[in-house]
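Everything on this sheet refers to the single structure shown next.
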Amino acid sequence: MKKRGKKVLEEEEETLCCCEYVNTHGDRSHVAACFCDCEDLDDACDRFLKREPQKSESMSQVAAVVTDRLRVPWLWGGARKVDLSIIPPLVLLPVLLRLAALHYLLGMVVMTALPVLVLWYYYFTHRKKGQTLFFLSLALFSLAYMYYLFITEVFPSGDLGLVQLTVVTVGVSLTLVALIHTKRDPGILRPNQEAVHSTVTYHTPLADKDPAVNGGRQEVTMVSNRAGLMEQVGDELKESNKRNWCPVCRVVRPPRAGHCRICGVCVLRLDHHCVWINSCVGQANHRGFLLTLVLFLLTSLYGISLVLQSVCPKQHLFTALLYCPGVYNQYSTALCFTCAWYCSIVTAGLLHLLVVQVINVSYNVTEREARVALRDKTARSACWGLIVDTGIYSRGFHDNWAEFMTMGENLSPPSPAATDLV
C-alpha cells in the first residue's frame, strides 16, 4: 500500500502545472487558493475578536498551514514551498541600512543593534538544534545587495574604472562558485549495505594436536595463546564499535566522524555545522569552506577600500571609516558609507572564523574536538582558548597541512558492519 500511494503521489506531481501542489492532507491545491478553506486561521481570528483565549495548538497549526501554502510557481513538479526564514533578511536588511543612512546617530544604533539581533537569533536557533535558512539568506542577500549598491551608487560617481568593477565582479562570482561547491556534500557517512546484509562465515577450529610437531604439545600452546589474543582484540573492537555506533544513522562512525543533530546525519571528520552555508563542514568540503572564506574576505576588503576612496577621498583609508566629515550631506554617500560599515562588521566576524580555522588546521584539530577537549580539560589552550592543541592527531605544521590538503581524496573509509556489534 505504501509503494502504491507513493507511486500515485509521484504520478500526480508529474501532472501538476506550475501553480499547483499537493498539500499536507494529500489534496490537490492551487497557489491562488492560499486564503481559501482555512478553518484554523478563521478560528484563531474569531477567538481574537471575541477576546477568548487561544487554543494551545492553534498557532502552531496556523503556522503549519501558512508554511504549506506559501509557495512559488515551479515548472517541474508543481509549486515549491518557500521557507519563512528566508523572508526577514530580504526585508529587514535594506530597510535598516537605508534607515541608518538618514543620520549618524541612527547609524550607530542600527550598526549596534543589527549584530546583536543576529547573534540572539543564532543562539536561539542553536539551542533548539533546528535548521534555518535565515543566515544563508542573509549572507547571499547581503552579498547581492552590496554588489547592487556598488554598481548603482559607487560606480556611477566616476571615481572608479572598469578594472575595479571587473575585479569586484570576478570576486563575487568566484565566491558564489566556491559556496556552491562547498554545499554539495560535507562527506556524509552512509551505511555499508554489503556489510550489513552479508552472511557470517564460521570456520572450523584448528586441530588440537599435530603429530608432526612434538606430539602436538607445542601447537596446542600456540593455538591457545593465539586464540586468547584474538579474543581480547575482538572484544576491544566490539566495545569500540559499540561506543561509536550511531543509532540514528545506523552506522559505526570511524575516528573523528560525528553526528550532526541539526542535519541529522553522520559526517566524516566533522568540524562544525555552519549556519552561514546551512550545512556541515566535514572532510569533503572543509577545503572549499576555507576557500570560500578567503575569496569573500578578499573581495569584501577590496570593495570596502573602493567605497571609502569614493565617498571619503580626502581621508586616509584606515581612518576614513572612523572619521569622514560631510559624508551625511548627501543620502547616496551616506548610504554607501553605512554599507561600508556593515561590510566591515561582517568581514571582522568572518576574519575571526578564518583565523580559528587556520589555527585548528595547523594543530590538526577540528572545532568539535576542540570544544570537547576544552570541556573535559584534556587539551592545552592559549590566547583565551583561540589555540587548542589536543596532541592526538598533530604531526607537525607541515604534515598537518599536507594531510588537510589531501584528506578529500579518501572519502570511503571502511565502515564496520552492524553484525560486528554482537
Side-chain angles (χ1 to χ4, degrees), residues 89 93 97 107 110-123 126 134-147 149-150 167-168 170-179 181-183 271-279 281 285-309 316-322 336-363 365-368 370-371 374 381-388 397 400-401 404-405:
L93 185 62
L97 290 180
V110 171
M111 291 298 109
T112 304
L114 190 57
V116 173
L117 290 176
V118 172
L119 288 175
W120 171 83
Y121 188 72
Y122 168 75
Y123 286 111
H126 187 71
F134 174 85
F135 299 98
L136 179 60
S137 173
L138 179 61
L140 292 177
F141 186 65
S142 298
L143 187 64
Y145 190 63
M146 296 302 106
Y147 182 69
L149 290 179
F150 183 82
V167 172
V168 173
V170 171
V172 172
S173 302
L174 291 178
T175 303
L176 292 176
V177 171
L179 177 61
H181 178 74
T182 303
K183 283 185 59 62
D271 188 84
H272 70 287
H273 179 89
C274 182
V275 296
W276 297 106
I277 64 174
N278 193 36
S279 176
V281 177
N285 66 343
H286 203 163
R287 293 178 300 177
F289 178 71
L290 288 188
L291 179 62
T292 304
L293 287 178
V294 171
L295 290 174
F296 175 81
L297 290 174
L298 292 177
T299 305
S300 179
L301 290 173
Y302 184 67
I304 292 172
S305 64
L306 293 179
V307 172
L308 293 179
Q309 289 176 5
H316 195 271
L317 183 62
F318 294 99
T319 60
L321 196 62
L322 300 176
C336 295
F337 184 73
T338 303
C339 292
W341 256 107
Y342 173 74
C343 291
S344 301
I345 295 174
V346 175
T347 302
L350 294 183
L351 181 60
H352 174 267
L353 177 59
L354 179 62
V355 170
V356 172
Q357 288 291 311
V358 170
I359 293 175
N360 288 344
V361 173
S362 302
Y363 284 92
V365 60
T366 63
E367 185 66 23
R368 175 172 168 268
R371 289 198 302 265
L374 290 176
S381 62
C383 299
W384 302 280
L386 188 64
I387 300 176
V388 179
F397 180 84
N400 290 340
W401 275 97
F404 176 78
M405 297 304 296

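Relative orientation of the Tyr121 and Phe135 rings is tilted, given thresholds of 30° and 60° on the angle between their planes.
The closest side-chain heavy-atom distance from Asn360 to Thr366 is not below 4.5 Å. Here the side chains of Leu179 and Phe296 are not in contact, with every heavy-atom distance at 4.5 Å or above. For the pair Lys183/Asn278, a side-chain contact is recorded, criterion being any heavy-atom separation below 4.5 Å from C-beta on.
Separating the OG1 atom in Thr182 from the CG atom in Asn285 is a distance of 6.0 Å, to the nearest 0.5 Å. Residue Met146 holds its CE atom at 5.0 Å from CG of Leu97, rounded to the nearest 0.5 Å. Summarising the geometry, atom OG1 belonging to Thr299 is positioned 9.5 Å from atom CG belonging to Leu176; distances are rounded to the nearest 0.5 Å. For the atom pair CH2 of Trp276 and CG of Leu140, the computed distance is 11.0 Å after rounding to the nearest 0.5 Å. Atom CG of Leu293 is separated from atom SG of Cys274 by 7.5 Å, given to the nearest 0.5 angstrom. Atom CG in Leu306 sits 9.5 Å away from atom CG in Leu317 (nearest 0.5 Å).
Taking both residues in full, the closest heavy atoms of Cys339 and Leu149 are given as SG-CD1, 3.1 Å, listed atom of the first, atom of the second, then distance. Annotation for Ile387 and Cys383: closest pair CD1-SG, 4.1 Å, computed over non-hydrogen atoms.
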Intermediate values then yes/no, side chain to side chain contact (heavy atoms under 4.5 Å, CB included), His181 and Leu291: CA-CA 10 Å; His181 178 74; Leu291 179 62; over 6 Å; no
Verdict with reasoning, Tyr342 to Ile304, per side chain to side chain contact (heavy atoms under 4.5 Å, CB included): CA-CA 10 Å; Tyr342 173 74; Ile304 292 172; over 6 Å; no
Verdict with supporting geometry, Asn400 and Val361, side chain to side chain contact (heavy atoms under 4.5 Å, CB included): CA-CA 7 Å; Asn400 290 340; Val361 173; 5.7 Å; no
Steps toward side chain to side chain contact (heavy atoms under 4.5 Å, CB included) verdict (Tyr302, Leu298): CA-CA 6 Å; Tyr302 184 67; Leu298 292 177; over 6 Å; no
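Take Phe404 and apply the ring pair (Phe, Tyr, Trp, His ring centres under 6.0 Å) test, not counting sequence neighbours, and it matches His286, Trp401. Under the side chain to side chain donor-acceptor pair (under 3.5 Å) criterion, Tyr147 pairs with Thr169, not counting sequence neighbours.
Within a 6.0 Å radius of OH in Tyr363, other residues, nucleotides and ligands contribute 12 heavy atoms or fewer.
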Determine all donor-acceptor pairs shorter than 3.5 Å in which one atom belongs to a side chain in residues 343-353; sequence neighbours excluded.
{"from": "Ser344", "atom 1": "OG", "to": "Ala340", "atom 2": "O", "distance (Å)": "2.7"}
{"from": "Thr347", "atom 1": "OG1", "to": "Ser300", "atom 2": "OG", "distance (Å)": "2.6"}
{"from": "Thr347", "atom 1": "OG1", "to": "Cys343", "atom 2": "O", "distance (Å)": "2.6"}

